[in-house]
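To keep things clear, I will list the structure first and then write my remarks on it.
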Amino acid sequence: MTKNFRFFFILSFLVTTFAGTLLKAQVKQGQLVDGIAAVIGNEIVLESDIEEYINMSKQQGSPVGDKCEIIESIIHNKLLLFHAKKDTLIQNRSKELKADADNRFQQMLSGFPSEKDMLAAYKYRTAYEFKAAIEKISSEQYYQGEKYKLITKGVDITPSEVSAFYDTYKTQLPQVNDEVRLSRIIMYPKLTDAHKQEIIDKLKKIKAAIQGGESFENQARIYSEDPGSASNGGLINNVAKGMMVKPFEAAALNLQEGEISDPVETEYGYHIIQLIKKSGKIYDVRHILIASTPNAEEIKAAKNELQKVKAQIVDGTISFKDAALKYSDDKSTKFNAGVMTGQDGSDNLEKTKMDPVDAYQIAGLNKGDITEPYEIEEGQSKKKAIELIQINDIVPAHTLDITTDYERIKSIALNQKKGNIVDQWIKSKLPDTFISINNRYKDCKFKTDWKRESLMK
């Protein structure tokens with residue numbers, strides 16, 4: 001594939017690039033810590049940023065270009081970021097980004113046994129440092145994305161342009177691996193009334209213990225089943241309004257500071273919530289969660305129920321589409337005939353990138369076949385569910401072709417068109433932007449003339 005024909009990832013380029021290098025020690029004027037590679041306006045690129053990008057790309061299996069290509073891409077994005085921060089049309093969302101960073105931290109924490117394990121894995125000393133890093137990454141992503149949208153607002157592509165793009169690049173279009181098109185129905189096992197009451201009674205007992213003198217923090221560490229906050233005494237800081245599920249937020253915002261709620265049911269289970277502080281649309285809470293984890297009998301009942309649904313589909317009593325709408329608990333697919341989509345929004349799912357449990361269940365099945373109901377753990381919360389999948393189509397490996405992959409080719413062509421527009425905008429800003437690149441890169445043959453000034457070696 002030629003250098004001029006690359007997928008344009010301007011919106012997400014910096015999301016992972018600098019994750020491990022955002023919190024360098026403060027540098028005094030004139031002091032060099034790990035080597036400045038470039039300066040764009042007031043944005044600095046360190047040599048360690050470049051190395052981090054290379055390492056990240058290798059870990060993710062992405063192609064890694066030479067250092068000249070990498071630093072040019074980084075300069076390109078940093079220039080976009082520099083001007084985005086000065087654009088008065090882009091709303092300042094610092095408070096929301098801070099709250100979002102705390103939320104992302106909690107979500108990431110749910111994948112580790114403890115906060116200490118997560119910090120060690122990501123090589124951060126404290127939670128404060130890690131949250132600050134997440135916040136900076138989110139901020140850069142936000143500003144770049146908003147500027148990109150402003151620059152490319154209204155840009156579209158015509159069928160004739162798609163055809164011309166295909167004629168030019170069809171020999172360079174990527175190979176698509178074996179794919180499938182699937183639909184699914186998901187059922188969450190229903191807890192019996194007796195099981196629900198058991199959870200509610202347990203939370204009431206915990207609440208009574210807190211009101212009797214036990215600390216909320218200790219009770220959360222002992223009893224809460226929320227992996228993201230239990231080790232922190234149930235504390236969730238800087239929650240922006242609209243961030244939490246509605247029943248949780250409604251209960252929290254109806255409390256007085258220091259007050260503890262009665263048990264509140266959400267899709268995750270039952271909570272007791274203590275409002276710590278509220279300031280405008282931002283609030284701090286502690287909570288204790290007892291998850292709605294179904295027992296063996298409840299799981300078996302859900303499997304039997306979904307087996308009956310499958311029988312209705314097979315005998316033609318109901319279509320899979322209508323069954324998904326009527327019975328599925330998966331909000332992301334039930335209103336779309338149960339059709340599963342990938343991260344790129346496509347209905348085509350590459351087999352090698354599928355969830356291993358789903359891939360195992362459909363192995364050996366043919367178009368039109370339906371799996372038996374089987375147990376899964378759904379989403380980041382690992383919520384137990386029962387799933388039924390129908391194979392809508394099997395797509396063998398092939399090179400993208402305009403007759404069968406028009407929408408994909410259109411998306412690639414549109415991204416390239418937008419990329420070219422942003423490139424032209426970047427060039428128009430060069431006279432107004434201070435750019436200095438270290439002499440270590442003086443022999444690089446950049447695609448853009450960055451009008452470089454030498455930095456000290």
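For clarity, every value in this text was computed on a predicted model and none was experimentally measured.
Within 6.0 Å of NZ in Lys321 there are 12 or fewer heavy atoms belonging to other residues, nucleotides or ligands. Summarising the local packing, NZ of Lys85 is surrounded by more than 12 heavy atoms from other residues, nucleotides or ligands at distances under 6.0 Å. Crowding of Lys246 atom NZ: a count of heavy atoms from other residues, nucleotides or ligands under 6.0 Å not exceeding 12.
Note: Met244 CE to Leu253 CG = 10.5 Å, rounded to the nearest 0.5 Å.
Residues Tyr148 and Asn77 bring no donor and acceptor atom of their side chains to less than 3.5 Å of each other. Side-chain contact, Asp401 with Thr403: a donor N or O sits under 3.5 Å from an acceptor N or O.
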Q: Step by step, work out the side chain to side chain contact (heavy atoms under 4.5 Å, CB included) result for His271 and Asp226.
A: CA-CA 10 Å; His271 316 247; Asp226 176 17; over 6 Å; no
**Q.** From CA spacing to verdict: side chain to side chain contact (heavy atoms under 4.5 Å, CB included), Leu430, Thr448
**A.** CA-CA 10 Å; Leu430 291 179; Thr448 299; 3.8 Å; yes
Q: Mind running side chain to side chain donor-acceptor pair (under 3.5 Å) on Ser94 and Asn92 for me, showing each step along the way?
A: CA-CA 6 Å; Ser94 56; Asn92 186 320; 3.0 Å; yes
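A salt bridge links Glu140 and Lys78; the closest N-O separation between the charged side-chain nitrogens and carboxylate oxygens is under 4.0 Å. The existence of a salt bridge linking Glu69 and Lys447 is excluded, since no basic side-chain nitrogen approaches an acidic carboxylate oxygen closer than 4.0 Å. Using a 4.0 Å cut-off between charged nitrogen and carboxylate oxygen, Lys383 and Glu267 do not count as a salt-bridge pair.
A parallel orientation is assigned to the rings of Phe130 and Tyr124, their planes being inclined by less than 30° (bins at 30° and 60°).
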